2 protein chains.
Amino acid sequence: MLKISEIAKKTGLSTHTLRFYEKQGLINASQRSEAGYRLYGEADVRKAEFIRTARNIGFSLDDIAVLLSIRLDKASHTCQEVTDIARGKLDEVYEKITELTAMKATLEILLASCCGGPEDATHCSIMEALDASEAKQQSSSGNTATNEV
Amino acid sequence: MLKISEIAKKTGLSTHTLRFYEKQGLINASQRSEAGYRLYGEADVRKAEFIRTARNIGFSLDDIAVLLSIRLDKASHTCQEVTDIARGKLDEVYEKITELTAMKATLEILLASCCGGPEDATHCSIMEALDASEAKQQSSSGNTATNEV
DNA sequence: TAAAACATTAGAGTTGAGTCTAAGGTCAAG
DNA sequence: CTTGACCTTAGACTCAACTCTAATGTTTTA
């Protein structure tokens, strides 16, 4: 059985994070020592690694909680439940990429329009663009990021 | 002179947000009524619109504070100061897009590998991939998002 | 046996950008 | 002269995922 710092080293999750995940109901030490120390077995290590893998892919802790409950009893869950989670995440990712791509385009246009030199900013085209009002919708959740300059 | 709800309507910023921006030192009403009501003039409106435009592009409030200080006295600031801010933001955006693109690729591979049907998840290839450990680095700040499945 | 290195807990703090609340003051309309 | 729509403030709350602290107990090592 591993102590918390041992499983931490093995899985790359910090001891803080492991205790935090326990509070969130994701993972428990399967035993405690007489003194109350958490003791983790092989199955716990695999579970922690599952969590880390899912987290690294980008799943939220809420998603991971659902994935773990499926993992616990695969026979009574379907592939569709699993793909629903993945597809939900993928949709989020698409949306964020769209937003960021709009920001990127805007910033590149702004940067291309300005000399960027030691000249004073009196006629800086970036400042002018920002002052031109006409601010397009963007950021704050789920709109088609159409932001021109 | 406009009351706060009037400039709010005009600029698309909420009254809460305007007061919050005031606390952050971004914008002040240029006058107060006898009763202490904020009163905004034309210059305030233009400043609020500048802020909204910059925010919509994706600049942080800290960036905006700097941009506003440049705007206040363009003659004693350079184009380079302005492009430094834009380039900094653009770098952030690039980094986030890279991360998200890695997530996207991983999720697409996972989704392609799984039937997604009503079959039970006993042999679900997504669950298998998550259980395969081998978790690649990703997310948490600034690493080359190489995440395979 | 004493110090260093671990472990425990509850709970507070961090980040960024708001969002909301409570408790009150002001103003225009009917 | 009251109702409702506005305005004020300080300060708490939200989200996500940690991260850290303090105060204390345990184990290991020199």
Side-chain angles (χ1 to χ4, degrees), chain A residues 1-29 31-40 48 51-68 88-89 92-93 96 99 103 138-142, chain B residues 1-29 31-40 48 51-68 88-89 92-93 96 99 103 138-142:
Chain A
M1 301 296 268
L2 304 171
K3 277 189 278 182
I4 194 165
S5 67
E6 294 166 334
I7 193 179
K9 195 165 299 172
K10 233 182 145 101
T11 60
L13 300 168
S14 77
T15 58
H16 282 306
T17 298
L18 282 161
R19 281 188 278 250
F20 169 70
Y21 285 173
E22 182 174 306
K23 254 190 234 161
Q24 304 304 299
L26 297 186
I27 189 168
N28 272 93
Q31 283 185 44
R32 290 284 181 136
S33 75
E34 303 238 317
Y37 284 21
R38 289 169 181 79
L39 295 173
Y40 297 88
I51 292 171
R52 196 197 42 170
T53 304
R55 186 199 64 177
N56 285 353
I57 289 172
F59 288 109
S60 69
L61 299 191
D62 281 359
D63 286 340
I64 293 174
V66 177
L67 290 169
L68 284 171
K89 192 73 213 171
E92 268 177 50
V93 169
K96 281 191 202 150
E99 257 181 49
M103 284 176 50
Q138 214 243 104
S139 66
S140 52
S141 76
Chain B
M1 301 297 265
L2 304 171
K3 277 189 279 184
I4 194 164
S5 67
E6 293 165 336
I7 193 181
K9 197 167 299 174
K10 235 180 142 98
T11 60
L13 299 168
S14 77
T15 58
H16 282 305
T17 298
L18 282 161
R19 282 189 277 250
F20 170 70
Y21 285 173
E22 184 176 306
K23 252 190 237 159
Q24 305 303 297
L26 297 184
I27 187 167
N28 272 93
Q31 283 185 44
R32 290 285 181 134
S33 75
E34 304 238 317
Y37 285 21
R38 289 169 181 80
L39 295 174
Y40 299 88
I51 293 171
R52 198 199 38 173
T53 304
R55 187 199 64 177
N56 285 352
I57 289 170
F59 289 110
S60 69
L61 299 190
D62 281 358
D63 287 339
I64 293 173
V66 178
L67 290 169
L68 284 171
K89 191 73 215 171
E92 268 178 49
V93 169
K96 280 190 204 152
E99 255 181 51
M103 281 176 52
Q138 215 244 105
S139 66
S140 51
S141 76

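On a predicted model such as this, the values are computed, not experimentally measured, just so you know. Chain naming here is simple, since letters A, B, ... match the order of the sequence lines and numbering starts at 1 in each.
The nearest whole Å value for the distance from the CG atom in B/Leu39 to the C1' atom in C/dT26 is 13 Å. Remark: C1' of D/dC20 and CG of A/Leu18 are 16 Å apart, rounded to the nearest angstrom. Rounding to whole angstrom units, NZ of residue B/Lys96 and C1' of C/dT15 are separated by 12 Å. The interatomic distance linking A/Glu22 (CD) with C/dT9 (P) rounds to 7 Å, in whole Å. Going from atom NZ of B/Lys23 over to atom C1' of D/dA12 covers 10 Å, rounded to whole Å. Between the CG atom of A/Asn28 and the P atom of C/dT9 there is a distance of 11 Å, rounded to whole Å. Remark: C1' of C/dC6 and CD of A/Glu34 are 18 Å apart, rounded to the nearest angstrom. Summarising the geometry, the separation between OH on A/Tyr37 and P on C/dA7 is reported as 7 Å, rounded to the nearest angstrom.
Residue contacts for A/Ser33: at a heavy-atom cut-off of 4.0 Å it reaches no nucleic acid atom on any strand shown. A/Ser14 comes within contact range of no nucleotide atom at all, as no heavy-atom separation falls under 4.0 Å.
Take the nearest nucleotide of DNA chain D for A/Ala35 and for A/Thr17: the residue whose nucleotide is more 5' is A/Thr17. Where B/Ser60 and B/Lys3 meet DNA chain C, the nucleotide closest to each residue was compared, and B/Ser60 sits on the side nearer the 5' end.
Put simply, B/Arg32 has a side-chain N or O that comes within less than 4.0 Å of OP1 or OP2 on D/dT9. OP1 or OP2 of C/dG18 sits under 4.0 Å from a side-chain N or O of B/Arg55. The shortest distance between the side-chain N/O atoms of B/Arg19 and the OP1/OP2 oxygens of D/dT9 is not below 4.0 Å. Listed pair A/Tyr21 / D/dC18 meets the phosphate criterion, a side-chain N or O lying under 4.0 Å from OP1 or OP2.
Ranking C/dC27, D/dC18, C/dT21 by closeness to the B/His16 side chain, first place goes to C/dT21. For B/Leu61, whose side chain is taken as the heavy atoms from C-beta onward, the closest listed nucleotide among D/dT28, C/dG18, D/dC7 is C/dG18.
Looking only at side-chain heavy atoms (C-beta outward), A/Tyr40 and A/Thr11 stay at 4.5 Å or farther from each other.
Of the listed residues (B/Ile64, B/Asn56, B/Leu18), just one forms a side-chain contact (heavy atoms from CB on, under 4.5 Å) with B/Ile51, and that residue is B/Ile64.
A/Lys3 contributes no side-chain N or O that, together with a main-chain N or O of A/Tyr37, makes up a donor-acceptor pair within less than 3.5 Å.
Ionic pairing of A/Lys96 and A/Glu99 is not present here: no N-O contact between side-chain nitrogen and carboxylate oxygen is shorter than 4.0 angstrom.
Closest approach of B/Leu13 and B/Ala48 over heavy atoms only: CD1-O, 3.9 Å.
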